[in-house]
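Since this is a predicted model, take the numbers as computed values, not measurements.
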Amino acid sequence: METETQPNVSKEILLKAYNHMMLAKAMADIYEENRALVPYVHSTSRGHEAIQLATAYQLTAEDWVSPYYRDESLLMGIGFEPYRLMLQLLAKADDPFSGGRSYYSHPSSLEDNLPKIIHQSSATGMQAIPTTGIAQGIQYIEEFGLKEFKQNPVVICSLGDNSVTEGEVSEAFQFAALHQLPIIFLVQDNEWGISVTKEEARTADAYDFVAGFTGLGRMRVDGTDFAASFEAMKNAVEFVRAERKPLVVCAKTVLIGHHTSGVRREFYRQEDELINCRAKDPGDILRKSLLEIGLDEATLNEMEKTARSEAENAFQNALAAPDPSPESVEDFVFAPTPITEESGTRSPHGQEKIVMVDAAIHAIQEIMRKHPEALLYGQDVGERIGGVFRETVTLGQKFGKKRVFNTPIQEAYIIGSTVGMSAVGLKPIVEVQFADYIYPGINQLVTEISKSSYLSNGKFPVSNIIRVPIGAYGGGGPYHSGSVESILANIKGIKIAYPSNAADFKGLLKAAYYDPNPVIMLEHKGLYWSKVPGTEDAKRVSPAEDYILPFGKADITLKAEEQCIQEGRSIVIVTYGMGVYWAKAAAKNFNGQVEIIDLRTLIPLDEKLIFERVKAHGKCIVLTEEQINNSLAEALAHRISKNCFRYLDLPVEAIGARNVPAVPINLVLEKEMLPNSEKLSDKIEQMLSE
């Protein structure tokens with residue numbers, strides 16, 4: 001795209017921008033002058049004010065913007081006055097973005113009269129995928145007419161230049177170009193990545209870098225010149241609003257301030273370089289332009305003085321504002337779920353049993369028929385094969401390519417895009433093809449998804465379902481057989497289900513859909529079709545459409561005889577997934593002495609039932625398929641020991657796979673590595689005889 005060579009911006013807008021620039025300057029100066037009173041690390045927008053304000057002035061309340069941590073001028077431009085920004089600077093209770101939980105200029109907002117902002121993290125470039133997910137969601141809403149807009153919404157993702165070297169940013173570029181999404185990637189290029197220069201970090205700026213992404217428009221602008229920036233962003237926003245195509249704007253800026261208050265310019269920058277940057281101060285450039293069109297020095301001086309006074313008053317008021325109460329520290333980890341009780345018909349009469357994979361297909365089919373906001377995407381889930389395990393078969397044909405579709409090999413995008421999709425009111429169901437391949441998406445899961453509800457003060461819980469085929473059987477080998485639940489369980493702010501049978505699977509999937517929080521469904525591949533000997537019981541009658549099984553409700557899948565319990569001759573096995581079937585097979589060797597608890601969900605965990613039954617038996621094994629050391633099972637064994645210590649006859653045992661880095665492909669080695677009913681039987685016999 002080309003921009004006008006002679007910008008024509010009204011005096012009113014120029015004066016508005018000058019006032020905001022003077023506020024930004026005054027705020028930066030006040031923060032520096034009061035370093036002892038500002039204990040938290042922060043960045044300011046000094047040198048970036050022109051392009052940020054020019055962008056902000058284009059946006060409406062129906063648009064979405066994702067600022068990054070240097071975008072305080074952008075935030076002022078869309079309507080956040082200095083006082084409210086300073087509440088976050090000082091981590092006060094009334095911080096409108098995070099309630100005192102996050103850094104300065106890390107916004108999130110759903111205010112009716114302002115552009116909307118999803119949770120912003122500090123990880124450079126990581127906002128690109130969630131924000132592209134917003135644009136993907138808006139395109140879906142427009143396609144199916146799910147909402148009427150006054151005018152076509154535009155999405156803006158603001159990035160620093162060095163963040164463009166992140167692989168996840170390229171995933172966002174690729175998906176936006178591939179699907180022609182209505183998004184502008186605004187890259188503010190000040191040529192520094194903390195102390196890393198452009199020569200050390202990249203071969204090209206963002207404009208040249210994106211040339212190879214077919215279908216992704218691009219534009220360059222001098223981001224220190226407000227008039228030029230305003231005209232460029234006006235053209236950019238009008239283009240995307242009308243054409244519904246993606247665009248990259250590369251805005252050259254300068255870094256006048258410190259990288260952050262903690263990483264200061266004097267640590268690594270030379271004075272001559274700083275002098276050159278100060279010569280391109282956007283405020284000075286705009287001041288010169290205002291003088292050229294007839295504004296007098298006295299008027300501009302008075303504006304600067306007034307801005308300083310306003311910023312000082314805001315700072316003093318923010319200092320006096322209350323801190324958050326200590327009791328609020330655990331607020332908003334999860335949004336409340338409406339699904340708290342089991343309901344509906346679990347076992348309709350006259351129905352045949354179905355395999356687990358079909359139960360999931362039935363559940364998703366019922367959901368998608370009822371809820372147009374539900375959609376399904378991932379690698380190979382489309383209509384050609386319906387998933388490599390046929391776990392989405394028929395869904396593509398029934399709901400079409402706009403609702404069930406294939407993605408590129410982009411686990412980060414598949415997972416992270418659900419943030420934006422959820423924010424605009426959709427419910428994405430996505431799939432990672434094998435648990436072993438979830439690792440590229442862990443960054444988005446940790447940095448963006450898990451923290452979104454907590455750090456947005458409850459405004460943006462991410463409502464999604466992430467399906468993950470998991471587990472070993474039949475020589476799947478080292479990259480198709482892994483277990484990852486311990487890694488996932490260490491991520492606070494997500495829920496995890498691990499069903500062991502078809503009825504639970506369907507009921508939990510329904511609960512996950514109506515849960516406003518992020519949910520990972522771990523689905524054991526060996527149970528999908530009950531092909532593994534001894535797993536026939538994973539087949540169940542398909543529950544009715546109204547059946548829902550809440551999270552955090554474990555099941556006693558096998559009860560011990562009461563007499564054995566009373567005589568101290570019993571043991572309880574706490575397990576999940578394939579472990580349920582190893583435990584059932586082992587229990588046949590101990591008539592009435594073994595009780596089995598199927599956890600069903602790992603987060604939340606039904607601690608009440610676990611502790612109650614362990615106290616009754618006095619002996620407990622926690623059984624997992626994972627490598628045992630440092631596992632979820634070991635942690636649970638410790639928790640049981642701590643809470644049930646006075647009732648235990650023996651230490652709680654944790655049993656799992658051998659501690660090798662991967663599941664070997666050879667069947668003999670696989671069997672040796674994994675737990676099984678024989679190994680479990682040996683441990684049960686030992687514990688019952690002590």
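Under a cutoff of 6.0 Å and an axis angle of 45°, K245 and F239 do not form a cation-pi pair. Cation-pi geometry between R101 and Y454 is met: the NZ or CZ atom falls under 6.0 Å from the ring centre, inside 45° of the normal.
Residue P282 comes nearest to I256 through the heavy atom pair CD-CD1, 4.3 Å, listed as atom of the first residue, atom of the second, then distance. The two residues P115 and S109 have their closest heavy-atom pair at O-OG, 4.5 Å. The minimum heavy-atom distance between L23 and A307, with the atom names listed, is CD2-O, 3.5 Å. The heavy-atom pair separating A318 from K92 by the smallest distance is O-CE, 3.1 Å. Here the closest non-hydrogen pair linking F460 and I117 is CE1-O, 3.0 Å. The heavy-atom pair separating T253 from G47 by the smallest distance is CB-O, 3.7 Å.
The distance from the CD1 atom of I414 to the CD atom of E171 is 8.5 Å, given to the nearest 0.5 Å. In this structure, CZ in R202 is found 6.5 Å from CD in E191, a value given to the nearest 0.5 Å.
The six-membered or imidazole ring of F315 lies away from that of Y83, with a centre-to-centre distance of 6.0 Å or more. Residues Y103 and H42 keep their aromatic ring centres 6.0 Å or farther apart. Taking the centre of each ring, F97 and F80 come in below the 6.0 Å mark.
Under 3.5 Å, the side chains of Y18 and E49 contain no donor-acceptor pair of N or O atoms. Between the side chains of Q120 and Y68, no donor-acceptor pair of N or O atoms lies under 3.5 Å. Side-chain contact annotation: S66 with Q127, donor-acceptor N/O pair under 3.5 Å absent.
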Working for ring pair (Phe, Tyr, Trp, His ring centres under 6.0 Å), residues F213 and F173: CA-CA 7 Å; F213 290 93; F173 289 160; 5.7 Å; yes
Kindly determine whether E271 and R278 satisfy salt bridge (charged side-chain N to carboxylate O under 4.0 Å, His left out), including the steps that lead there. CA-CA 10 Å; E271 185 60 27; R278 294 185 190 111; 3.0 Å; yes
Could you please spell out the steps behind the side chain to side chain contact (heavy atoms under 4.5 Å, CB included) verdict for D63 and R241? CA-CA 10 Å; D63 294 326; R241 207 179 294 285; 2.9 Å; yes
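Here the rule is side chain to side chain contact (heavy atoms under 4.5 Å, CB included) with R287, and of L295, D281, N301 only N301 fits it.
Side-chain atoms of Q88 never come within 3.5 Å of backbone atoms of G100 as a donor-acceptor pair (strictly under, hydrogens ignored). Judged by distance alone, with hydrogens and angles left aside, the side-chain atoms of Q58 form a donor-acceptor pair with the main-chain N or O of A54 at under 3.5 Å. Side-chain atoms of D95 come within 3.5 Å of backbone N or O of S98 as a donor-acceptor pair.
Taking the charged nitrogens against the carboxylate oxygens, D284 and K288 have no contact shorter than 4.0 Å, which rules out a salt bridge. Between K451 and E448 there is no salt bridge, since no side-chain nitrogen of the basic residue lies less than 4.0 Å from a carboxylate oxygen of the acidic one. Salt bridge annotation for D222-K252: absent, with no cationic side-chain nitrogen under 4.0 angstrom from a carboxylate oxygen. A salt bridge links E238 with K234: the distance from a Lys NZ or Arg NE/NH1/NH2 to an Asp or Glu carboxylate oxygen falls below 4.0 Å.
Y69 and H259 have perpendicular rings, their planes meeting at more than 60° on a 0 to 90° scale where under 30° would count as parallel.
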